[in-house]
Amino acid sequence: MAPQDVTSHPMMARLVQAVGTENVLTSAEDRAFYSHDVYRQMATPLAVVRPGSIEELARIVGMATAEGIAIVPRGGGASYSDGYCATTENSLSIDTTRLTRIDINERDMTATVDCGVTWADLYENLRKKGLRTPFWGPFSGLKATVGGSMSQGSVSLGSGLFGPSADSVLAMEVVLADGSILKTGSLAAANGRPHFRHYGPDLSALFTGDTGAMGVKARITLRLMKKLPVVMSASFGFANFESMASGMEVAAKEGVVSDNFGLNPRLQKAWLGRTNMKQSLDAAFAVYKTARNPFEGLYKLVRMAVAGKSFLDKSEYSAHFIVEGVDVDHARSLLAAVRRAVEPHGVEVPNTIPTVVRSMPFMPLYPIIGPAGERWVPLHGILAFSQVKTFHDKLTALHAKYASEMERLKIVSAAMFTTISTTSFLYEPVFYWQDKRHLYHDRYLPQEFLAVLPTYDENPEARAKVEEMRDAIRDAFASCGGVHMQVGKSYPYMKGRDPRNAEMLKSLKSLLDPKRLMNPGSLGL
Ligand SMILES: Cc1cc2nc3c(=O)[nH]c(=O)nc-3n(C[C@H](O)[C@H](O)[C@H](O)COP(=O)(O)OP(=O)(O)OC[C@H]3O[C@@H](n4cnc5c(N)ncnc54)[C@H](O)[C@@H]3O)c2cc1C
């Protein structure tokens, strides 16, 4: 069947019956949009289905797989590792964004959410009750869903102390390939309630980071904690990468930093350079609102205005640390521990960047396009601290090798860094290159924002060079024992894997998805 002519497919009438006409998208434009993630395009699905309840989700999955049609789940669509891009046109893209129920149980300190709930919505609902989840979202949380983050792994807000998204899970309900629902954690016990994860073998772990290869997460229960009321931050400038990495490492080991991130010079400028007048005013207002009294608010505003962006010119690299306390003294003492640890490595500078980040933790997806309208793609690896310098040296050598080609093709790279808990360093190289925008960008970014940016023709040569460098970087990560979240179909998850481990994973995949229809290609399974 020609991909343009899908309305006569025998499944369509049944899908429409299950979820209603308006929730089965079959136009060429819609299907093209869902075939593209932030980075690239793959197979065009037969249709996009938007279930409105968990029961509808389960029915659709069972119905499709019975007919040999693949299931490709998509949450907020804010990823760039081919995770929700189909490998076959004989697929249904399952858009989960109508699944938005949030149940907060203050007595049991749990929140059970549908997979399509965004982190921003969850945070807002919990904030009103003085609560939050330990990991409380990626920066993309205005779009990114709890289901998407749990399925591919996510870090940022809260992960300095509480680790990646998966570490905040207590229990799940997962739709399996046959349309049945599997419960995990204490929810699966007799008269189970979703308050405890580890009752016998931890089946939740099989689905966190599976990028949809094992099942579709339907509902997820997360642990709650009180939202700590006092937030303080400190920023440091560093002479070079090595001192920044050392500063971030020692800060992480203090075990007190909630969120942290390091920026190389190019990204520092991009982060502040992007701040337009409206965003600056919004941020200033938000900063003012977070002050405990009008005098402190004014002080914070004046400090931001005076410090401005100028300090960045003096430092090569910067790192930013955010702590949270039950009261001012508590937060101050945590920040003092960070300062004591980091001061031997860098120089403290005004905390403009973390102040703005914490005033607007969930950002619109403006970074999916470069400052001059270029295409954008990050990749990352999570390293043991002992391997960070080795990896950095390898990356520096790669940049030297590709320098003239990058210059000729106008490919630019930058990097961002974060530590996760007390053990890991996430290194995130980012590429920008001049290339044609896609429908994805047009739908995800405001027209007034795009209108003022330059546009480019298709640039397959630069695109191929970026992919070649990404391959080389993935190899460099692997050579240092680096691992990845967001595996999707992009990271070589099965390559070089311990044979017993690989065998076990393949057996589990065969058990759960014997026809190989759950997001085929994910995890390389
Ligand atoms: C501007 C920007 C900032 C970002 N910041 C961060 C950050 O701070 N930290 C970070 O870790 N990442 C970040 N990301 C990457 C990404 O947004 C996150 O990893 C996020 O968790 C993706 O969630 P999503 O709902 O958009 O997932 P999607 O992109 O929709 O899907 C991701 C994967 O999960 C699968 N999936 C989705 N829902 C389900 C489900 N219910 N069941 C099974 N599988 C499912 C998909 O098939 C796909 O493989 C950022 C991205 C952008 C564009």
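Whatever order the structure lists them in is the order used to number ligands and atoms, beginning at 1. Predicted model only: the values in this text are computed from it and were never measured.
Close N/O approach between A78 and ligand 1 is found [any backbone or side-chain N/O within under 3.5 Å]. Not a single N or O atom of R74, backbone or side chain, sits closer than 3.5 Å to an N or O atom of ligand 1. Taking any N or O of P73, backbone or side chain, at least one lies under 3.5 Å from an N or O belonging to ligand 1. Polar contact check, G77 against ligand 1: a nitrogen or oxygen pair lies under 3.5 Å apart. Between T96 and ligand 1, not a single N/O pair is under 3.5 Å apart.
Counting heavy atoms under 4.0 Å from ligand 1, residue N519 touches it through the side chain alone. Residue-level proximity to ligand 1 for S154 is carried by backbone and side chain together, each with a heavy atom below 4.0 angstrom. At a heavy-atom distance under 4.0 Å, no atom of M150 approaches ligand 1. If you look at Y366 next to ligand 1, there are no close heavy atoms at all, none under 4.0 Å.
Between R127 and E124 there is a salt bridge, since at least one side-chain N of the basic residue sits less than 4.0 Å from a carboxylate O of the acidic one. No salt bridge links R31 with E89; every basic N to acidic carboxylate O contact stays at or beyond 4.0 Å. One finds no salt bridge joining E22 and R50 here, because no Lys/Arg side-chain nitrogen approaches an Asp/Glu carboxylate oxygen to under 4.0 Å. Under a 4.0 Å N-O distance rule, the pair D435/R463 qualifies as a salt bridge.
Closest to atom 29 (O) of ligand 1, if we only count protein heavy atoms, is S79 OG, 2.5 Å. The protein non-hydrogen atom at the shortest distance from atom 21 (O) of ligand 1 is S149 OG, 2.6 Å. Nearest to atom 48 (C) of ligand 1 among the protein's heavy atoms is G83 C, 3.5 Å. Among all protein heavy atoms, the one lying closest to atom 41 (N) of ligand 1 is K217 O, 3.0 Å. Of the protein's non-hydrogen atoms, the one nearest atom 19 (O) of ligand 1 is Q152 NE2, 2.7 Å. Scanning all protein heavy atoms for the shortest distance to atom 53 (C) of ligand 1 gives I368 CG2, 3.5 Å. Counting only heavy atoms of the protein, atom 9 (N) of ligand 1 lies nearest to V155 O, 2.6 Å. Scanning the protein heavy atoms around atom 24 (P) of ligand 1, the nearest turns out to be G76 N, 3.5 Å.
The backbone N or O of Q486 sits less than 3.5 Å from a side-chain atom of S81, completing a donor-acceptor pair. Checking side-chain atoms of T96 against main-chain N and O of L99 turns up no donor-acceptor pair under 3.5 Å. Of the possible polar contacts, none joining the D513 side chain to the A177 backbone as a donor-acceptor pair under 3.5 Å is found. Formation of a donor-acceptor pair under 3.5 Å by the Q387 side chain with backbone atoms of L383 is not found in this model. Under a 3.5 Å cut-off, the side chain of S165 and the backbone N or O of S149 do form a donor-acceptor pair. Judged purely by atom type and a 3.5 angstrom limit, K183 has no side-chain atom pairing as donor or acceptor with the backbone of E173. Judged by distance alone, with hydrogens and angles left aside, the side-chain atoms of R74 form no donor-acceptor pair with the main-chain N or O of I94 at under 3.5 Å. In this structure a side-chain-to-backbone donor-acceptor pair under 3.5 Å is missing from R40 to H36.
Judged by a 6.0 Å distance limit and a 45° cone about the ring axis, R443 is not positioned over the six-membered ring of Y440.
Which parts of ligand 1 touch S156 is read off a 4.0 Å heavy-atom cut-off, strictly below it: atoms 7 (C), 8 (O), 9 (N). Listed by number with element, the atoms of ligand 1 under 4.0 angstrom from any heavy atom of L365 are 1 (C). Within ligand 1, the atoms closer than 4.0 Å to a non-hydrogen atom of C115 are 41 (N), numbered from 1 in the order shown.
In this structure, of G75, G147, P138, the residue bringing a heavy atom nearest to atom 13 (C) of ligand 1 is P138. The closest heavy-atom contact to atom 15 (C) of ligand 1, among the options Y80, W119, F135, F139, comes from Y80. Comparing S140, S151, G212, S93 by heavy-atom distance to atom 17 (O) of ligand 1, the nearest is S140.
Exactly one of V430, V155, L426, T418 qualifies for a side-chain contact (heavy atoms from CB on, under 4.5 Å) with H380. That residue is L426.
Using a 4.0 Å heavy-atom cutoff, V72 is absent from the residues neighbouring ligand 1. Using 4.0 Å as the threshold, G215 has a heavy atom nearer than that to some atom of ligand 1.
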For a side-chain contact (heavy atoms from CB on, under 4.5 Å) check, start with the C-alpha distance between S91 and L46, then their side-chain angles and the critical distance, and finish with the verdict.
CA-CA 6 Å; S91 305; L46 285 174; over 6 Å; no
